[in-house]
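Report on the structure given below.
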Amino acid sequence: MATSVAWQPQEQGFNEICRLLEQQISPSSTADKSQIWQQLQQYSQFPDFNNYLAFILARAEGKSVEIRQAAGLLLKNNLRTAYKSMSPSNQQYIKSELLPCLGAADRHIRSTVGTIVSVVVQLGGIAGWLELLQALVTCLDSNDINHMEGAMDALSKICEDIPQVLDSDVPGLAERPINIFLPRLLQFFQSPHTSLRKLSLGSVNQFIMLMPSALFVSMDQYLQGLFLLSNDPSAEVRKLVCAAFNLLIEVRPSFLEPHLRNLFEYMLQVNKDTDDDVALEACEFWHSYFEAQLPHENLKEFLPRLVPVLLSNMIYADDDESLVEAEEDESLPDRDQDLKPRFHSSRLHGSENPEDDDDDIVNVWNLRKCSAAALDVLSNVFGDEILPTLMPVIQAKLSASGDEAWKDREAAVLALGAIAEGCIKGLYPHLSEDIGHQNGREQFEKVLMGLLKRILDTNKRVQEAACSAFATLEEEAAEELAPRLEIILQHLMMAFGKYQRRNLRIVYDAIGTLADAVGFELNQKYVANNYLDDMQPVYLDILMPPLIAKWQLLPNSDKDLFPLLECFTSIAQALGAGFTQFAQPVFQRCINIIQTQQLAKVDSVAAGAQYDKEFVVCCLDLLSGLAEGLGSGIESLVAQSNLRDMLLQCCMDDASDVRQSAFALLGDLARVCPVHLQARLSDFLDIAAKQLNTPKLKETVSVANNACWAIGELAVKARQEISPIVMTVVLCLVPILKHSEELNKSLIENSAITLGRLAWVCPELVSPHMEHFMQPWCIALSMIRDDTEKEDAFRGLCAMVKANPSGALSSLVFMCRAIASWHEIRSEELHNEVCQVLHGYKQMLRNGAWDQCMSALEPPVKDKLSKYQV
């Protein structure tokens with residue numbers, strides 16, 4: 001293959017490349033595809049190989065369109081890596097072959113050429129190919145549909161990939177390319193050809209975010225064009241119209257304000273479009289509208305029409321892919337493929353519990369979900385005002401019956417879940433003595449009973465939606481559910497008895513969420529046989545027997561244990577000491593499962609089980625729940641077990657989520673029974689400190705967070721015994737505090753608290769170094785909310801200042817801000833210590849130095865400090 005001045009292909013090279021391309025794309029070819037690919041890659045080393053590809057795409061009329069297209073796609077990929085290093089003559093040859101093909105008779109060839117043109121412009125810029133602009137204008141202005149469509153296709157790809165190049169000054173051009181093309185694009189809005197209307201509208205939409213002055217001054221014409229296309233016969237065009245309005249309301253809402261009424265009417269109409277993609281794009285508008293901070297009042301009068309449309313769109317579509325092949329009848333067992341993968345989140349101690357993973361993370365966004373999200377937004381914006389419109393429709397759908405009516409019932413339940421947060425006040429007013437709220441209480445009863453009834457629906461989809469909606473209601477209504485606990489538990493346990501495996505997981509979640517919501521109320525007892533000393537538990541008698549029966553039924557290697565372990569964790573924390581009667585077998589089983597898994601990790605045959613770290617994580621978290629719930633009541637169980645040595649092994653595990661849960665349990669045990677950790681205290685402290693001193697800190701930040709918290713808890717209980725490790729830990733904590741902007745809030749807070757606790761326990765070791773960390777430490781302390789852990793940290797502050805007053809002098813302003821961050825120090829003893837610290841510095845700083853320090857403080861900080869009489 002040689003390159004000459006006027007390049008011409010050689011027949012042998014041409015035929016060989018065509019043969020390879022044909023073999024590569026032919027489904028019936030027996031040739032080894034990877035070998036063909038390697039040969040083509042070898043040919044790519046020849047300088048004029050891409051010229052051959054351009055020639056085949058543009059001129060190989062005798063070859064099939066598929067071969068020509070394959071040549072074009074290979075050319076596109078090659079140009080991405082090779083274009084800038086090609087000789088100018090080869091670049092020029094390829095460009096000259098592409099331009100005549102803009103109007104090729106075959107649509108596939110035109111489309112492939114358009115893609116390559118966009119890549120060349122990306123790599124070489126407009127200035128490097130001015131002939132392209134002239135060719136595009138000539139084609140657009142011709143009346144030949146092939147030429148117009150080919151040019152429009154190429155232009156639309158440039159607009160999509162690199163719109164900014166069209167809004168830039170180009171040497172050799174009197175005006176920016178966008179000024180040349182925009183009038184033509186707007187003109188095409190009125191074309192009789194669907195393809196031109198679609199491509200031109202899609203192209204202009206790409207400039208909304210950039211908003212070049214050409215579009216800004218043509219805005220009226222653009223909006224007229226949008227309204228003109230609003231009822232276009234093509235669904236793709238209607239979808240692009242909605243997309244344009246969504247972008248405009250987000251970027252430049254002022255343009256649309258004069259047209260809002262017409263726009264609302266239009267979006268309401270298109271929300272019911274027969275094409276789901278168009279309806280989905282229209283549905284996104286409501287969210288975009290509220291994001292744009294436009295007046296909510298504008299939309300209020302449309303609610304009675306909008307809410308029913310959203311509710312109607314929340315009904316499962318017949319072709320919804322999540323319905324395919326799933327059995328709906330509750331009597332049919334779930335198959336393994338019906339069960340979604342589940343993920344357990346390890347415990348995290350601190351201010352930022354990570355958001356729950358969205359269950360639907362593997363599912364597609366569709367009209368149904370978008371409508372539910374829009375209803376959620378409306379309920380948060382308008383609150384109870386949507387209830388008079390919504391509730392009659394929901395009530396009617398909840399009681400629908402018939403073969404396909406389950407879809408109506410499911411949509412009604414989904415709607416209740418969507419509005420639970422925004423409308424909770426209307427569904428359950430707190431001012432029960434005010435008779436005006438009687439309606440609200442009745443409303444709440446209706447909703448609650450409607451949901452509970454649907455939890456027992458015969459259709460699995462309705463069961464699933466009802467349990468999920470009920471979990472949302474539990475989170476919002478919280479302790480307001482306490483008076484209805486008996487009937488709620490009866491329904492949940494009936495569901496527990498009849499559900500198949502998939503939905504059983506959701507019941508566990510609903511029970512766990514209920515326990516989190518009502519807490520200690522679950523312990524309530526009633527008087528039996530009129531003898532006050534014969535108190536029987538009301539709720540535990542309903543709740544626990546079925547759960548324990550299931551617990552005993554499942555073997556230790558069954559993954560269906562996971563959600564049950566999580567459920568027991570919530571119940572143990574909620575019941576507190578009330579869980580004591582169930583604690584021993586639960587505790588022992590967790591120990592057994594962890595032991596089995598630790599053995600399975602090295603010898604699965606001997607263990608009789610395959611290793612799965614999730615068993616370990618769930619059991620560690622349940623033991624944490626027991627420690628939190630039972631408090632020192634767990635002491636006897638720990639004493640009779642080998643938990644300490646097993647926990648030490650988990651703290652050294654190579655899996656970060658196992659270590660994360662292990663350190664959470666270590667901290668919980670340090671709080672309630674530190675004596676049983678004593679024998680291995682230095683080992684625990686060493687391993688915990690290592691989690692803070694790792695180059696991969698950002699990747700294992702949750703492990704570091706829990707390890708840091710556990711060290712603080714151990715310090716408070718073990719006191720001087722931790723002195724050998726104190727400076728090792730302090731040296732790890734200081735860099736964390738100094739780089740707080742790069743790490744998460746929870747780790748910073750725990751680092752600040754643990755540093756304070758170490759200083760409280762060993763001030764003589766920490767105080768000589770305080771000037772190195774006082775400033776970032778005080779900044780972190782000032783961000784922490786009032787609680788006992790913050791009190792401990794400030795005890796450390798006071799102890800250090802007492803031991804080394806000069807160490808804080810250079811950071812005094814920051815220390816004052818940290819002190820002022822308290823809403824109220826509840827401990828009188830600590831309040832007095834802080835007072836002494838401030839007064840000590842006031843006496844120490846003479847000749848106006850104290851006043852100078854005070855003048856650097858903000859007025860609110862000075863106000864807060866006044867309660868310490870300084």
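If you're wondering where the values come from, they're calculated on a predicted model, not measured in any experiment.
Within a 6.0 Å sphere centred on CD of Gln610, other residues, nucleotides and ligands contribute 12 heavy atoms or fewer. Atom CE of Met727 has more than 12 neighbouring heavy atoms from other residues, nucleotides or ligands inside a 6.0 Å radius. Counted within 6.0 Å of CZ on Arg719, heavy atoms from surrounding residues, nucleotides or ligands total more than 12; the atom is thus considered enclosed.
Among residues two or more places apart in sequence or in another chain, the side chain to side chain contact (heavy atoms under 4.5 Å, CB included) test is passed with Ala469 by Val413, Leu451. With sequence neighbours excluded, no residue forms a salt bridge (Lys or Arg N to Asp or Glu O under 4.0 Å) with Asp603. For Ser821, the side chain to side chain contact (heavy atoms under 4.5 Å, CB included) partners at least two apart in sequence or on another chain are Ser782, Lys790. Scored by the side chain to side chain contact (heavy atoms under 4.5 Å, CB included) test, His676 finds Glu635, Val638, Ala639, Cys673 as partners (sequence neighbours excluded). With sequence neighbours left out, the side chain to side chain donor-acceptor pair (under 3.5 Å) criterion links Asp558 to no other residue. Asn832 is linked by a side chain to side chain donor-acceptor pair (under 3.5 Å) to nothing, counting only residues two or more places apart in sequence or in another chain.
The heavy-atom pair separating Ala793 from Ala752 by the smallest distance is CB-O, 4.2 Å. Here the closest non-hydrogen pair linking Thr472 and Gly417 is CG2-O, 3.6 Å. Contact detail for Pro545 and Leu540: the closest heavy-atom pair is CD-O, 3.4 Å. Taking every heavy atom of both residues into account, Gln720 and Cys762 meet most closely at OE1-SG, 4.1 Å. Taking every heavy atom of both residues into account, Val616 and Tyr611 meet most closely at CG2-CE1, 4.4 Å. Cys467 and Ala510 make their closest contact through O-CB, 4.4 Å (heavy atoms, listed as atom of the first residue, atom of the second, distance).
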Discussion item. If you apply the rule side chain to side chain contact (heavy atoms under 4.5 Å, CB included), what do you find for Leu665 with Leu643, and how did you get there?
Written reply: CA-CA 10 Å; Leu665 177 55; Leu643 175 58; 4.3 Å; yes
Worksheet entry | Working for side chain to side chain contact (heavy atoms under 4.5 Å, CB included), residues Leu647 and Leu620 | CA-CA 9 Å; Leu647 180 58; Leu620 289 169; 4.2 Å; yes
Discussion item. Would Leu781 and Trp822 count as a side chain to side chain contact (heavy atoms under 4.5 Å, CB included) here? Give the steps.
Written reply: CA-CA 10 Å; Leu781 286 176; Trp822 279 97; over 6 Å; no
Item to complete: Start with the C-alpha gap between Leu547 and Ile571, add the side-chain angles, then the distance that decides, and say whether side chain to side chain contact (heavy atoms under 4.5 Å, CB included) holds.
Response: CA-CA 11 Å; Leu547 290 177; Ile571 293 171; 3.5 Å; yes
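At least one side-chain heavy atom of Ile455 sits under 4.5 Å from a side-chain heavy atom of Tyr499. No side-chain heavy atom of Phe794 sits less than 4.5 Å from a side-chain heavy atom of His831. Phe496 has its side chain within reach of Lys550: a pair of non-hydrogen atoms, C-beta onward, lies under 4.5 Å apart. Counting only heavy atoms from C-beta outward, the side chains of Phe773 and Met770 approach each other to under 4.5 Å. Residues Arg785 and His823 form no side-chain contact, since every pair of their non-hydrogen atoms from C-beta on lies 4.5 Å or further apart. A heavy-atom distance below 4.5 Å is not found between the side chains of Leu685 and Val729. Contact check for Leu575 versus Phe520: no side-chain heavy atoms found under the 4.5 Å cut-off. Side-chain contact check for Ile784 versus Glu789: every heavy-atom pair is 4.5 Å or farther apart.
A donor-acceptor contact shorter than 3.5 Å is absent between the side chain of Ser656 and the backbone of Thr700. A donor-acceptor pair is defined here as one N or O able to donate and one able to accept, closer than 3.5 Å; no such pair exists between the side chain of Arg659 and the backbone of Gln691. The backbone N or O of Leu830 sits less than 3.5 Å from a side-chain atom of Ser827, completing a donor-acceptor pair. Here the side chain of Asn750 pairs no donor or acceptor atom with the backbone of Trp709 at under 3.5 angstrom. A donor-acceptor pair is defined here as one N or O able to donate and one able to accept, closer than 3.5 Å; no such pair exists between the side chain of Asn556 and the backbone of Ile593. A donor-acceptor pair is defined here as one N or O able to donate and one able to accept, closer than 3.5 Å; no such pair exists between the side chain of Asp560 and the backbone of Arg501. Side chain of Asp668 to backbone of Ala627: no donor-acceptor contact under 3.5 angstrom is found.
Once rounded to the nearest 0.5 Å, the distance linking OG1 of Thr569 with CG of Asp621 reads 6.5 Å. Met815 CE to Cys778 SG: the interatomic distance, rounded to the nearest 0.5 Å, is 7.0 Å. In this structure, CD on Gln678 lies 11.5 Å from CZ on Phe684, to the nearest 0.5 angstrom. Taking CD1 of Ile748 as the reference point, atom CG of Asn705 lies at 9.5 Å (rounded to 0.5 Å). How far CG of Asn693 is from CG of Leu731: 9.0 Å, rounded to the nearest 0.5 Å. A distance of 10.5 Å separates CG in Leu492 from CD1 in Ile542, rounded to the nearest 0.5 Å.
Taking a cutoff of 4.0 Å between a charged side-chain nitrogen and a carboxylate oxygen, Arg795 and Glu791 qualify as a salt bridge. Between Lys559 and Glu614, none of the side-chain N atoms (NZ, or NE/NH1/NH2) sits under 4.0 Å from a carboxylate O, so this pair counts as no salt bridge.
Arg505 forms no cation-pi arrangement with Tyr508, by the criterion of a distance under 6.0 Å to the ring centre and an angle within 45° of the ring axis.
When each of Asp654, Asp612, Thr596 is paired with Lys601, the side-chain hydrogen bond (donor to acceptor under 3.5 Å, both in side chains) condition holds for Asp654 and for no other.
For the residue pair Asp645 / Gln649, no side-chain donor-acceptor distance below 3.5 Å is found, with atom types taken as modelled.
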